[in-house]
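So the structure is just underneath, and the comments pick up after that.
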Amino acid sequence: MTSVVPAGKLYKFVSHKRKVLSLYKRALRHLEAFCFEEGRHVFAYERTLLRARFDLHKDEPDFKRATQLLRLGEEEFWVNQHPDPVLLPNEEGGVTFQRHATYQVPERALDHWEPHEKAMFPDYFAKREKWQGIRRKTWSEEMQWLQEWDKKNIDNGISLTDALPAAKEKDGYPPFWWRTVTRPLEQPKLMEWWPNNEDSFSR
Amino acid sequence: MMYLFFFGFLLVIFYFFIFKNFFSVFFKFFFFFFVLLSLFFLCENFETKHFFLSQSFFLSNQLTFTFDFFSCFFLGLLIIVGGSILSYSIWYFKEEIGSSYFIMYMMFFMTFMMMLVSSHSLFLMMVGWEGVGVMSYMLIGWWMGRSDASMSSLQAIYYNRLGDFGFIFFLVFALYGSGLLYIDSFYHNYISFFLSFFIMLGIIAKSSQFLFHSWLPSAMEGPTPVSSLLHSSTMVVAGVFLLIRLLEGFNILIMELLMVLGGLTMLFGAVCAFGQNDIKKIIAFSTTSQLGLMILNLSIGNIYLTFFHLCMHAFFKSMLFMGSGVFIHGAQNNQDIRNFGNVFFFTKMSSLGMFVSSMSLMGMPFLCGYFSKDLILENTWGPLLNRFSWFLFFIASTFTVAYSCRMLFMMYGGSNFGVYKLVCQEKFGNNFSWFLVLTFFSVSSGWFFYESLFKVIQEEYLFFYYKITPFLVIFFGFSLSLLVFLKFFLTMKTGKTLYYNPLMHNMFTFYSKVFSSFFWFFELLWVEVLCVIGLQKMVNFFGYFKSFFDLQVFFFMLLIILDLCFMV
């Protein structure tokens, strides 16, 4: 039973409270799938019992016992999960999950624009040139900075998390800033305001 | 003139580059013209056409097309169904990026399908066979950023490739046996077993029979118009169509194997569909089940009857998919029927389509599915070597009714459920009225084609208790679904209002324009029917045509009138 813990989402960095609440929500959803045929009143009764089971140990003072209870709960959930739970479309396993990834274009596609297209947005491209200059300056130092940060944490006995170090100066550039700044939209929309759109085949 | 058929669709793609702005309008005119042509092809018979090429290569003298009864009828059906679905997909993909690529892919698919259906040479049929497989790959994986969709499209390719392996071996044996690659050059000889065996592999992979079926539910990752055109009406019946062409030279042992396999597929698909909660997967397994029925029927030897059922199945199954597409749009991409409930209020037209198609599928008397299904049930009462397959067929038909009723109950019933309220899709801005053409065909085509073309099928004169078997099937299936889902049946609502509701006014004016006085009369019976205003509007019926800027509805009416002329 070593693989029932959802380890793919940086599980070890998430707080205990979040883990418990996530287990409760998933259990509730699967319970709804099981109680669907019997009726809403049956689901109401069963979810009250489930809530009571969680509330019994909610003020557990010993963190080791709490972790053990969570582990047992995850195992019980895995054994009793519904084979076909009710999933939201954009959820993992849902119908439209990752559908937007089809239309997410990386930012380097702007390098391939024609000069007459770039001339439509002169201020943006001027700013972009400046940003790329800054990126070239900060790139070589970013990896070294992260290694120093980790070494400092290990020396002080702080456990590793996914928290990145803060920027070195006020309004400065944190590590991996370029990735965050140039991330594509979650739900890309067609640019209907683009001039002469009817000429393009991809409309 | 026949070559126009192929170049016609390529011409549409060519015109698309020129008339990009007006493509949708142009397409509607073009489609209507082809619908009229298709009505001619239903009645005429053409002989085999040869391609005359100046260069000679291997098989260059064997590139032939044939436009016999099966080809002509299926081409007309393909254009009607495919054109309706393309017009529907213009609405369905309005907010989608790259919708013009989608229509181009669908056009290519239809071209390949036409090539497959009308080819006399197996070489050209192979081109069409592979082509529809490739287009299926590109269309299932339309949203390629989604890893499930990419995997499903690859899965479809793998299963179809297994079939192509059998197809190629079949070509090899055909060349060895007769030196010709024509579909009518087979007779019973010492290698007919090998011929039949290898083409059987091709057929069961393409038409998703029992052990080669898993690509079809996965193919529901693609958009709804793809499922409607490819995976219910045209691509999956390519295998059945090939078997229809080749059945005269088929080996009896392989036919027996296909009978059992068809029966198993039918039962398997129907039982799986009974347990599904995703609306598209229910209809996918339903398709698997009906394909099993077609294969079973063919293995008995009923060629024209199977072809009749194939065509009727195309009408109502694609209609089911298109109706489900409306619900999916309304529920914001949610496909789980556990989240639907009481959807009738906002989906009157689509619900009409869904009900009619489901009744057709169940075999409700005098709809289109009844004529083919009832004939099949009657014809299988004759002397059979394998009663087990017939028994499977009977049980599976019962489950067909059960899962159809389950789907309808869970969507239209359940006042305590229905987490999502649908966004109304049937409003003035949205125009998907061509899908009602398929509703019309689902109702009338059975009787029309039975009387005009298929009445030559041998009729069985049966004892009373054998004759009522279809009705027993419907009764037992309905009661099976009631046993499990009675509360949904009891909570089905019709969305009636007892007084004039200003919120309904928009819907009322929309329906009144589409269906004019007939529908309006029944919608507001207790409010205005006997008033002077109502009578005035009925008298001014023909004046409504002045306000129809969109000529689609006008052409639809014209099509109905033309069909009635043909019936006379």
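Each chain gets a letter, A, B and so on, in the order its sequence line appears, and its residues count up from 1.
Distance check, rounded to the nearest 0.5 Å: CG of B/Asn334 to OG1 of A/Thr96 gives 9.0 Å. Annotation: the span from B/Phe485 atom CZ to A/Glu37 atom CD amounts to 5.5 Å, rounded to 0.5 Å. Rounded to the nearest 0.5 Å, atoms CG (A/Leu87) and CZ (B/Arg338) are 8.0 Å apart. Annotation: the span from B/Ile97 atom CD1 to A/His100 atom NE2 amounts to 12.5 Å, rounded to 0.5 Å.
If you measure heavy-atom distances from B/Met220 to chain A, you find no contacts under 4.5 Å at all. Within the 4.5 angstrom heavy-atom criterion, only backbone atoms of B/Gln332 (N, CA, C, O) approach chain A. In this structure, the portions of A/Phe97 lying under 4.5 Å from any heavy atom of chain B include both its backbone and its side chain. When heavy atoms are compared at a cutoff of 4.5 Å, B/Asn277 approaches chain A by way of both its backbone and its side chain. With a 4.5 Å cut-off on non-hydrogen atoms, A/Pro85 touches chain B through its backbone but not through its side chain.
The neighbour count for A/Lys168 NZ, taken as heavy atoms of other residues, nucleotides or ligands under 6.0 Å away, is above 12. Atom CZ of A/Phe121 has more than 12 neighbouring heavy atoms from other residues, nucleotides or ligands inside a 6.0 Å radius. Within 6.0 Å of atom NZ in A/Lys152, 12 or fewer heavy atoms from other residues, nucleotides or ligands are found, so the atom counts as exposed in its surroundings. Under a cut-off of 6.0 angstrom, the local environment of CZ in B/Phe102 is crowded, with over 12 non-hydrogen atoms contributed by other residues, nucleotides or ligands.
In terms of heavy-atom pairs under 4.5 angstrom with chain A, the leader among B/Met410, B/Lys280, B/Glu95, B/Gln335 is B/Gln335.
Considering only heavy atoms from C-beta on, B/Asn333 comes within 4.5 Å of A/Arg99 through its side chain.
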